[in-house]
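Working notes, beginning with the structure itself.
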Amino acid sequence: MDISQKLQEIKQEIARITAMKPGNRVKILGVTKTVDVERIKEASQAGVEAFGENKVQEFLEKYEKLPNLEWHFIGHLQTNKINKILGKVSLIHSLDRYNLAEEINKRAYRLGIVVPVLLEVNMAKEESKFGLMPEEVVDFYLEARENFKNLEVSGLMTVAPYVDNPEEVRPVFRGMRELFLKLKALDPANEKLQYLSMGMSNDYKVAVEEGANIIRLGTLLFGERNY
Ligand SMILES: *Cc1c(COP(=O)(O)O)cnc(C)c1O
């Protein structure tokens, strides 16, 4: 099945789920790790609005060829690589530690830009995953708002545990939404605080049911990855 058909199916599924929640627009991020430039172009023409990469080098190679697409960074970011992506990505989904916030802010200040970021939360507290612990998020948000004027914290992101039955991770998504609403309640005037990035190929329906408004789809759009 081609990307365009796949995308239509996914959009229909999202429309069905959000029919009862007017105003809940869901952005589909095409995750393009291992996907070549031609396929990315095809996806863009089919209507995928934005693309995500999780490795700096791979991102740069694709960005060079497709600089006009909307790119997001979704992987663990080393501080010495921040400069390579600043100004090129519209959103960093993976702010996962304090010193990364400090370093992005410092470089953004020098460039005179404000960088939109999401706080990555390790909601299920998995050893193998990056991200803030859920109980750290509120303080982190408040400190970032106070100290990092060149960061714009635009919401939260999580990578849920991989499970065969996505119903098992519903509590993870629900916990994320609760955390997101808690931040919104703390800062009701902040309209920039707007994104809940959660849900991947195997669990995006449950994530959208629980309030995701950015979903990150690789395999479902582009097929299995060949590393
Ligand atoms: C690879 C990746 C995805 C997409 O995974 P699929 O299961 O192929 O949809 C989403 N988010 C992040 C952070 C990823 O690294």
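For this chain, numbers begin at 1 and follow the sequence in order. Atoms within a ligand are numbered from 1 in the order they appear, just like the ligands themselves. None of these values were measured; they are calculated from a predicted model.
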Taking atom types as modelled, is there a side-chain donor on [X] or [Y] under 3.5 Å from an acceptor on the other?
X: Asn68; Y: Tyr63; value: no
X: Tyr162; Y: Asp203; value: no
X: Gln194; Y: Ser154; value: no
X: His76; Y: Gln78; value: no

Considering only heavy atoms of [X], which atoms of ligand 1 have at least one such atom less than 4.0 Å away?
X: Thr219; result: 6 (P), 7 (O), 8 (O), 9 (O)
X: Leu217; result: 9 (O)
X: Gly218; result: 4 (C), 6 (P), 8 (O), 9 (O)

Self-check item: Parallel, tilted or perpendicular: ring planes of Trp71 versus Phe51, cut at 30 and 60 degrees
Solution: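 Ring orientation of Trp71 relative to Phe51: tilted.
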Quiz item: Considering only heavy atoms, does Val31 approach ligand 1 within less than 4.0 Å through its side chain, its backbone, both, or neither?
Solution: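 The side chain, only.
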Practice problem: Please state which part of His93 comes within less than 4.0 Å of ligand 1, counting heavy atoms only: side chain, backbone, both or neither. | Solution: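 Neither; nothing of His93 gets under 4.0 Å from ligand 1.
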Quiz prompt | Shortest reach to atom 2 (C) of ligand 1 by a heavy atom, considering only His72, Met200, Lys33, Arg216 | solution =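 Shortest heavy-atom distance from atom 2 (C) of ligand 1: Lys33.
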Quiz item: Is the closest heavy atom of Leu220 to ligand 1 under 4.0 Å?
Solution: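 No, Leu220 has no heavy atom closer than 4.0 Å to ligand 1.
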Exercise. Please confirm whether Ile74 comes under 4.0 Å of ligand 1, counting heavy atoms of the residue only.
Key: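 A heavy atom of Ile74 does come that close to ligand 1.
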Quiz item: Does the side chain of Tyr195 reach to within under 4.5 Å of the side chain of His93, using non-hydrogen atoms?
Solution: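 Tyr195 vs His93: side chains apart.
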Exercise. Assess the pair Phe173 and Tyr204: is the distance between their ring centroids shorter than 6.0 Å?
Key: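 Ring centres of Tyr204 and Phe173 not closer than 6.0 Å.
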Quiz item: Taking N or O atoms only and a 3.5 Å limit, does Asn202 qualify as a polar contact for ligand 1?
Solution: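 No - when backbone and side-chain N and O of Asn202 are compared with those of ligand 1, no distance drops under 3.5 Å.
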Self-check item: atom 9 (O) of ligand 1: nearest protein contact (heavy atom, Å)
Solution: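 For this ligand atom, the closest protein heavy atom is Ser201 OG, 2.5 Å.
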